[in-house]
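The analysis underlying the following values was restricted to heavy atoms, covering all of them including side chains, and did not include hydrogens, waters or symmetry mates. What you see is a predicted model; the values in this text were computed from it and never measured.
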Amino acid sequence: MSEERHYTIVRSSTPRWVGIAVGALAMVSLGASGAAWMASSRSSALEQDQATRSQQFKQQEDALDRRIARAEDTNAQLRGELRLVTSKMKLTQGELTRARRTAAQIKDANARQLADLQTNLKGQLATKANVDDVNKIGTDVDGIKTDLEATKNGMKMTRDEFGTLIAKNHDEIEELRRVGDRDYYEFTINKKGRRQRVGDVMVELRGVNTRQNLYTVSLYIDDSRYDKKNRSVNEPIYFFTHGKGRAPMEFVVNQVGKNRISGYLSVLKSQSAHAQSAGN
């Protein structure tokens, strides 16, 4: 009897937990990839924001440096102007002292001249004059005293802040020419808007207010223009010129009319001589 053998084929099947595990791993991998992408994007945004802030800070820092530089330049300019003003104030104080000394010398000279005249006349009277001559000579002495008093009274004209006498008409200008150490350039300007040379200065009449005795002019000095608005009659205008001494020039208008002004420019004689030599 033949032996029969039965073989049982057992098919193995994959467990369910393996599939679940594989799916879970796939989900974890996807989640990790998404988190990594989000982290990378956020890092890039943070880096860009940081770069933008750094650039803004650098711009603000540059602007602050420029403001500090401008402030330092302004301070340096102000210090220079302060030194210039201080120097000019010292110069003007010296000019005032010299002007007072000159006025005192003129007064003393007039007093000595009057005393000498009186002494000479009295000596002549004592030797050769009769009564009528005495009366006549006495009258002459009185006339001389009157003239000298008039001269001294003329020296009592208004003085400016530098101690210089201010003339108000042609006769006073002539008096100052005889006794002073300055030259006087008289002028008359009859038209607005046209420049006219006065000494070393170009003068342009801009406007006139005859009711209030005011005028407006432009002065051209050393290639610079200075506008003087609504200035009064007999009010001196001072200005310094480069390389022409330490005493200021004085510009004075004595009269105003319809589109017309007249006055004088006062210059120290040493400056005037320098200007004439430069012109020659």
Sequence neighbours excluded, which residues qualify as side-chain contact (heavy atoms from CB on, under 4.5 Å) partners of N230? L214, T216

To the nearest 0.5 Å, atom CE of M249 lies from atom CD1 of I237 at 14.0 Å

Cluster question for you: counting only ILVMFWY and a side-chain heavy-atom cut-off of under 4.5 Å, with indirect links fine, are Y226 and I189 together? yes

I need the T74 OG1 to R70 CZ distance, nearest 0.5 Å. 8.5 Å

Test side-chain contact (heavy atoms from CB on, under 4.5 Å) on D183 and Y264; report intermediate values, then the result. CA-CA 10 Å; D183 284 332; Y264 66 91; over 6 Å; no

Decide side-chain contact (heavy atoms from CB on, under 4.5 Å) for H170 and E186; before the verdict, give the C-alpha distance in whole Å, the side-chain angles of both, and the deciding distance to 0.1 Å. CA-CA 8 Å; H170 174 74; E186 297 183 71; 3.0 Å; yes

Non-neighbouring partners of Y215 that pass ring-ring contact (aromatic ring centres under 6.0 Å, His included), sequence neighbours left out: none

Would you say the side chains of E250 and Y238 form a donor-acceptor pair under 3.5 Å? no

d(T210 OG1, I261 CD1) to nearest 0.5 Å is 13.5 Å

Determine whether F251 and V217 satisfy the following criterion, side-chain contact (heavy atoms from CB on, under 4.5 Å), listing intermediate values before the conclusion. CA-CA 11 Å; F251 180 86; V217 294; 4.3 Å; yes

Mind jotting down which residue pairs meet the salt bridge (charged side-chain N to carboxylate O under 4.0 Å, His left out) criterion with at least one end in residues 224-237? Sequence neighbours excluded, please. R225-D227, R231-E235

Working to the nearest 0.5 angstrom, can you tell me the gap between I173 CD1 and K168 NZ? 13.0 Å

For D200 versus L265, what's the shortest heavy-atom pair and its separation? N-CD2, 4.3 Å

Derivation of the salt bridge (Lys or Arg N to Asp or Glu O under 4.0 Å) call for R177 and E172: CA-CA 9 Å; R177 279 199 178 101; E172 291 183 354; over 6 Å; no

D62/R66 salt bridge by N-O under 4.0 Å criterion: no

Between S266 and R182, what is the shortest heavy-atom contact and its length? OG-NE, 2.5 Å

Is any side-chain heavy atom of F239 less than 4.5 Å from a side-chain heavy atom of V201? yes

Are the side chain of N209 and the backbone of R211 linked by a donor-acceptor contact shorter than 3.5 Å? yes

Contacts of N234 that satisfy side-chain hydrogen bond (donor to acceptor under 3.5 Å, both in side chains) - sequence neighbours left out: N254

4.5 Å side-chain heavy-atom contact, V267 and Y184: no

Between E204 and G193, what is the shortest heavy-atom contact and its length? OE2-CA, 3.5 Å

With rounding to the nearest 0.5 angstrom, report the CG to CD distance, N169 to E175. 11.0 Å

For K191, all residues meeting side-chain contact (heavy atoms from CB on, under 4.5 Å), sequence neighbours excluded: R194

Kindly write out the residues that satisfy side-chain hydrogen bond (donor to acceptor under 3.5 Å, both in side chains) with R53, not counting sequence neighbours, or none if the list is empty. D49

Exercise: identify the closest heavy-atom pair between Q196 and T188: NE2-O, 3.3 Å

For L176 and A167, work out which heavy atoms get closest and say how close. CD1-CB, 3.7 Å

One pair to check against side-chain contact (heavy atoms from CB on, under 4.5 Å): N190 and N259. What are the steps and the verdict? CA-CA 6 Å; N190 296 314; N259 296 330; over 6 Å; no

